[in-house]
Amino acid sequence: MHHFSYRRGVSHASVLHAEDVDLSALADAVGTPFYCYSTATLERHYQVFADAFAGAPDTLVCYSIKANSNLGVLASLARLGSGMDVVSEGELRRALAVNVPAERIAFSGVGKTKEEMAFALDADIFAFNVESEEELRGLSEVAAARGKNARIALRVNPDVDAKTHHKIATGRAENKFGVPFERALSLYQLAAELPGILPVGAHMHIGSQITDLEPFRNAFALLTELVGTLRDAGFEIEFVNLGGGLGIPYRNDEAPPPLPTDYAALVKQALGNLGVRLLFEPGRMIAGNAGILVSRVLSVKHVGAKTFTIIDAAMNDLIRPTLYEAHHEIIPVIGPARGTPNVLTDVVGPICETGDYLALNRPLPELHAGDLIAVMTAGAYGAVLASQYNSRLLVPEVLVSGSQHCVTRPRPSYDDMLAAERLPDWA
Ligand code: LLP
């Protein structure tokens with residue numbers, strides 16, 4: 001469910017709107033390409049996820065900032081009481097900047113620097129997800145030196161197949177994440193002896209865009225077993241962090257993935273009686289369908305039997321199709337007249353790489369130079385992965401709420417881009 005739909009517009013009978021905002025008018029005001037996020041959709045997804053656990057023991061939803069770290073997006077979620085999952089000092093600073101209480105912030109990531117550990121300890125965050133013995137020892141040193149205690153959850157790698165794209169599966173033994181299940185107990189025992197470390201939780205995250213509940217079921221069973229083993233060994237486990245990973249619908253022609261309520265039923269069944277607080281780190285599930293990328297057609301090129309629709313957005317603005325063979329629905333912003341034929345086309349950007357495409361062999365209503373298109377489901381892992389490749393200006397982000405909009409991250413100017421760099425004296 002999202003709040004992007006066709007309605008009667010300012011100058012056209014049928015125009016794609018973000019909530020009450022006419023996207024054709026917005027494109028004229030902001031210029032293209034740009035990301036557009038819907039507050040109502042963000043709020044709905046957060047609420048649907050949080051409400052799915054009604055009746056479960058104490059839960060804390062820590063939105064995973066990496067999916068979409070726009071301050072407007074974070075502030076909208078913080079207002080609903082969302083906690084945050086951060087993986088760097090930069091993300092932690094973003095969470096604090098929108099007044100997320102530190103006791104709702106969890107720090108994940110396979111490589112934290114000592115400086116990041118110190119910053120997070122000083123902020124008194126809820127907990128660190130620790131991924132190795134080396135990290136545990138490093139965190140202990142930093143914490144002890146500051147007279148602080150780091151509450152930790154060990155991230156355990158369950159070696160389950162999440163059945164997702166290989167670049168976003170994290171729960172196999174060959175992945176860099178977490179510690180092997182068999183080593184967990186001995187590492188908790190080490191953690192208990194180290195100064196400045198309080199081993200109070202357990203963590204698992206097996207991958208992203210998971211569309212089958214089975215891998216979760218297997219992972220949760222192992223987590224339950226782990227909590228039992230730890231309790232038998234005398235540990236007081238207060239919380240279990242189940243990570244993120246729940247998939248979302250990207251295609252109109254495929255069966256939708258399990259609903260948050262299905263996922264929640266599984267969680268309650270597997271972990272509901274453990275008497276622990278449950279943490280979650282959903283990212284895509286909250287932000288994915290709440291954002292689109294709006295772009296304008298520069299030209300349509302015919303080469304033999306092929307048609308290329310060349311647009312002003314490119315792989316540097318949205319890299320998911322190139323990096324993960326990801327499918328994003330593409331629709332025209334101005335609703336096509338009835339009877340407009342579909343044409344098979346590659347939708348490509350201006351970048352000098354063959355991998356620069358947003359869709360291949362896609363049936364789309366015939367498009368012309370100047371037309372606007374919307375690339376759907378681009379709210380998660382879209383703008384956050386954007387770069388200035390080919391010295392293209394970083395794509396701006398606009399947050400909509402009802403009939404209002406705010407350019408939460410403006411497009412930089414070319415002067416801004418050049419001013420960010422220094423020339424060496426000798427050049
Ligand atoms: N927790 C941890 C420890 C994670 O590593 C991640 C995502 C999440 C939570 C949030 O997962 P989600 O609920 O969003 O699935 N760029 C890729 C996705 C990378 C996911 C990285 N980790 C993509 O565009 O598909």
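First listed ligand is number 1; within each ligand, the first listed atom is number 1. Position 1 is the first residue of the sequence, and the numbers go up from there. The structure presented is a predicted model; accordingly, all values stated were derived computationally and were not measured.
Set against the non-hydrogen atoms of Arg155, the atoms of ligand 1 under 4.0 Å away are 3 (C). Annotation for ligand 1: atoms under 4.0 Å from non-hydrogen atoms of Gly244 are 9 (C), 13 (O). Residue-ligand proximity, Pro282 to ligand 1, at heavy-atom distances under 4.0 Å covers atoms 13 (O). For ligand 1 and Gly283, the ligand atoms under 4.0 Å from any heavy atom of the residue are 12 (P), 13 (O), 14 (O).
Within the 3.5 Å criterion, the main-chain N or O of Arg296 finds a donor-acceptor partner in the side chain of Asp312. Within the 3.5 Å criterion, the main-chain N or O of Ala18 finds no donor-acceptor partner in the side chain of Ser38.
A cation-pi arrangement is present between Arg151 and Phe126 under the rule of less than 6.0 angstrom and at most 45 degrees off the ring axis.
The residues Lys163 and Glu214 are annotated as not salt-bridged, no charged nitrogen and carboxylate oxygen being separated by less than 4.0 angstrom. Between Asp253 and Arg251 there is a salt bridge, with a side-chain nitrogen of the basic residue lying less than 4.0 Å from a carboxylate oxygen of the acidic one.
Between the side chains of His165 and Gln209, not a single donor N or O lies within less than 3.5 Å of an accepting N or O. If you check the side chains of His328 and Arg362, you find no donor sitting under 3.5 Å from an acceptor.
Of the heavy atoms in His205, only side-chain atoms (C-beta onward) come closer than 4.0 Å to ligand 1. Under 4.0 angstrom from ligand 1, there are no non-hydrogen atoms of His165. Counting heavy atoms under 4.0 Å from ligand 1, residue Asp85 touches it through the side chain alone.
Ring-centre distance between Tyr250 and His327: not below the 6.0 Å cut-off. Between Tyr63 and Tyr46, the ring centre distance reaches or exceeds 6.0 Å.
The nearest heavy-atom contact from the protein to atom 16 (N) of ligand 1 is Tyr324 OH, 2.7 Å. In this structure, the protein non-hydrogen atom closest to atom 15 (O) of ligand 1 is Ser208 OG, 2.4 Å. Nearest protein neighbour of atom 20 (C) of ligand 1, counting heavy atoms only, is Tyr381 OH, 3.6 Å. Annotation: atom 19 (C) of ligand 1 to nearest protein heavy atom, Ile168 CG2, 3.8 Å.
The aromatic rings of Phe107 and Phe128 sit parallel, their planes meeting at an angle under 30°, below the 60° perpendicular limit.
Under the side chain to side chain donor-acceptor pair (under 3.5 Å) rule, Asn129 has a single partner from Arg155, Glu281, Glu135, which is Glu281.
Checking only distances, Gly207 never comes within under 3.5 Å of ligand 1, N or O to N or O. Checking only distances, His203 never comes within under 3.5 Å of ligand 1, N or O to N or O. The shortest N or O to N or O distance between Ser64 and ligand 1 is not below 3.5 Å. Of the polar atoms of Ala67, none of the N or O atoms is found under 3.5 Å from an N or O of ligand 1, judged by distance alone.
Ligand 1 lies out of reach of Ala380, whose nearest heavy atom is not under 4.0 Å from it. A heavy-atom separation below 4.0 Å is found between Lys66 and ligand 1.
Taking only non-hydrogen atoms, the option from Arg320, Arg284, Glu281 nearest to atom 18 (C) of ligand 1 is Arg284.
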